[in-house]
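See structure below.
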Amino acid sequence: QVQLVESGGGLVQAGGSLRLSCAASGRTFSTYVMGWFRQAPGKEREFVATISWRGASTYYADSVKGRFTISRDNAKNTVYLQMNSLKPEDTAVYYCAAGIRAGRGDYAEFYDYWGQGTQVTVSS
């Protein structure tokens, strides 16, 4: 069992930056593919970014490519999402997720564990 706790959300002006963190419990963090998803009001949850077990491979949604960076520190059992050049359309609840499968985790069904989410609001 893995427990995930997100932090770092908040209110920021358009063009600003935030860094989200997701702390995981357990000693097998390095064996999980980690991902970030988001869900805006009235919309379905959408993929944002994913990172492989050791952090060698990353993949992003087109909407955030070049602005967001996913990274992980396996010694700290933590995955990060650095968000730059934020836009009002980035406003959503952001969730981190952990998956035991191999492969590219760019869809929600890939993942086995989810955090509770952290709110990000970008004002115009």
Taking E46 for the side chain and R38 for the main chain, is one N or O donor matched with an acceptor at less than 3.5 Å? no
Roughly how far apart are F29 CZ and T78 OG1, rounded to 0.5 Å? 6.5 Å
Step by step, would you call L86 with F68 a side chain to side chain contact (heavy atoms under 4.5 Å, CB included)? CA-CA 9 Å; L86 283 161; F68 291 11; 3.8 Å; yes
Membership question, hydrophobic clusters at under 4.5 Å side-chain separation (ILVMFWY): are V33 and Y59 in the same one? yes
Which residues share a side chain to side chain contact (heavy atoms under 4.5 Å, CB included) with T58, sequence neighbours left out: I51, Y60, I70
Distance from M34 atom CE to L81 atom CG, nearest 0.5 Å? 11.5 Å
Give the minimum heavy-atom separation between V93 and G117, together with the two atoms involved. CG1-CA, 3.8 Å
Between T118 (side chain only) and E6 (backbone N and O only), is there a donor and an acceptor less than 3.5 Å apart? no
Working to the nearest 0.5 angstrom, can you tell me the gap between Y80 OH and C96 SG? 12.0 Å
Give the minimum heavy-atom separation between A98 and L4, together with the two atoms involved. N-CD1, 3.7 Å
Is there a donor-acceptor pair under 3.5 Å between the side chain of W53 and the backbone N or O of T31? yes
On a heavy-atom basis, the closest approach of A14 and S124 is CB-CA, 4.4 Å
Flag the pair D112 / R101 as yes when at least one side-chain heavy-atom distance between them is below 4.5 Å, and no otherwise. yes
Tell me whether L20 shares a hydrophobic cluster with V12, the cluster being built from Ile, Leu, Val, Met, Phe, Trp, Tyr side chains joined at under 4.5 Å. yes
As a test of understanding, state which of Y94, Y111, Y95 forms a ring pair (Phe, Tyr, Trp, His ring centres under 6.0 Å) with F37. Y111
Quick one: are K76 and S21 in side-chain contact, heavy atoms under 4.5 Å? no
Ignoring hydrogens and angles, tell me if any N or O in the side chain of N84 forms a donor-acceptor pair with the backbone of T69 under 3.5 Å. no
Would you give the length of the straight line joining atom CG of N77 to atom SG of C22, rounded to the nearest 0.5 angstrom? 10.0 Å
Can you tell me if K65 has over 12 outside heavy atoms packed within less than 6.0 Å of its NZ? yes
Just how far is it from atom CZ of F47 to atom CG of D62, taken to the nearest 0.5 Å? 10.0 Å
Would you check if D90 and R67 make a side-chain contact, meaning some heavy-atom pair closer than 4.5 Å? yes
Give a yes or no answer on whether the side chain of R72 reaches the backbone of S52 with a donor-acceptor pair at less than 3.5 Å. yes
So how far is it from Q119 CD to L11 CG, rounded to the nearest 0.5 Å? 9.5 Å
Mark yes or no for whether T121, through its side chain, and T91, through its backbone, hold a donor-acceptor pair below 3.5 Å. no
Are there over 12 heavy-atom neighbours, none belonging to Q116, within less than 6.0 Å of that residue's CD? no
Contact check, side chains of M83 and V48, non-hydrogen atoms, under 4.5 Å: no
Is there a path from V79 to I100 through hydrophobic residues (I, L, V, M, F, W, Y) whose side chains come within less than 4.5 Å of each other? yes
Does any non-hydrogen side-chain atom of Q1 lie less than 4.5 Å from one of Y113? yes
Do the side chains of T50 and R104 get nearer than 4.5 Å, heavy atoms only? yes
